[in-house]
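As a basis for the values below, the full set of heavy atoms in this structure was taken, side chains included, without hydrogen atoms, waters or symmetry mates.
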Amino acid sequence: MASFKVILDTRGRKERPEYPLKIRITHLRKTWYYHTDVYLAPEFWNSKSGIVLKSHPNHKLINLKIRKQLLAVEEQ
């Protein structure tokens with residue numbers, strides 16, 4: 001059974017202070033990443049719950065987009 005988690009990928013160095021949000025898919029000890037085309041600063045991301053914090057001006061829209069993409073990935 002595969003597991004899915006939304007993460008803020010801070011591994012790379014960027015010119016911008018924002019990092020990409022990705023969906024991490026783990027199945028049989030192998031990991032894949034699905035890009036969501038959403039970029040966030042670390043202060044707006046809650047890693048425990050996997051949502052954008054309310055302090056971000058577009059938190060509702062971004063959280064909705066993340067949920068839709070996560071559902072689409074889980075259905076595949």
Side-chain angles (χ1 to χ4, degrees):
M1 181 169 181
S3 64
F4 304 92
K5 184 173 183 179
V6 182
I7 62 163
L8 185 66
D9 189 9
T10 58
R11 294 179 293 174
R13 301 268 296 156
K14 294 273 187 188
E15 295 81 31
R16 302 183 330 189
E18 299 171 335
Y19 296 97
L21 277 179
K22 296 181 179 180
I23 298 173
R24 183 175 64 199
I25 305 161
T26 306
H27 182 64
L28 298 175
R29 297 184 183 175
K30 293 184 181 182
T31 304
W32 297 272
Y33 291 94
Y34 177 80
H35 300 276
T36 61
D37 295 329
V38 176
Y39 291 84
L40 280 178
E43 62 264 16
F44 294 122
W45 181 247
N46 184 343
S47 61
K48 290 185 180 182
S49 61
I51 61 170
V52 179
L53 297 174
K54 291 182 180 179
S55 57
H56 192 279
N58 292 328
H59 68 93
K60 288 183 181 180
L61 182 64
I62 295 172
N63 283 330
L64 180 63
K65 182 177 181 179
I66 292 169
R67 276 187 258 137
K68 284 183 179 179
Q69 289 182 346
L70 184 60
L71 183 62
V73 169
E74 287 177 352
E75 289 178 349
Q76 290 181 357

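- Across all their heavy atoms, Thr10 and Tyr19 have their closest contact at CA-CD2, 3.6 Å.
- Annotation for Tyr33: hydrophobic cluster partners, listed by chain and number, are Ile7 (ILVMFWY side-chain heavy atoms under 4.5 Å, direct or chained).
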Quiz: residues 57-65 side-chain donor-acceptor pairs under 3.5 angstrom, not counting sequence neighbours:
from, atom 1, to, atom 2, distance (Å)
Asn63, OD1, Val52, N, 2.8
Asn63, ND2, Val52, O, 3.3
Asn63, ND2, His59, O, 3.1

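- In plain terms, the two heavy atoms of Pro17 and Pro42 that are nearest each other are O-CD, 3.8 Å.
- Taking the side chain to side chain donor-acceptor pair (under 3.5 Å) definition, one finds that Ser55 meets it with nothing, sequence neighbours left out.
- To the nearest 0.5 Å, atoms CG (Leu40) and CG (Leu8) are separated by 6.5 Å.
- Taken to the nearest 0.5 Å, the CG atom of Asp37 stands 11.0 Å off from the NZ atom of Lys22.
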Show the atom names and distances, to 0.1 Å, of all donor-acceptor pairs under 3.5 Å that link a side chain in residues 69-76 to residues at least two apart or in another chain.
from, atom 1, to, atom 2, distance (Å)
Gln69, NE2, Thr36, O, 3.4

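- Under the 4.5 Å side-chain heavy-atom criterion for grouping Ile, Leu, Val, Met, Phe, Trp and Tyr, Ile51 is not connected to Phe44 through any hydrophobic cluster.
- Both Tyr34 and Val6 are part of a single hydrophobic cluster, where members link through side-chain heavy atoms under 4.5 Å apart.
- Take Thr26 and apply the side chain to side chain contact (heavy atoms under 4.5 Å, CB included) test, not counting sequence neighbours, and it matches Ser3, Arg24, Thr31.
- Going from atom NE2 of His56 over to atom CG of Asn46 covers 14.0 Å, rounded to the nearest 0.5 Å.
- The side chain to side chain contact (heavy atoms under 4.5 Å, CB included) check on Arg29 picks up nothing, with sequence neighbours excluded.
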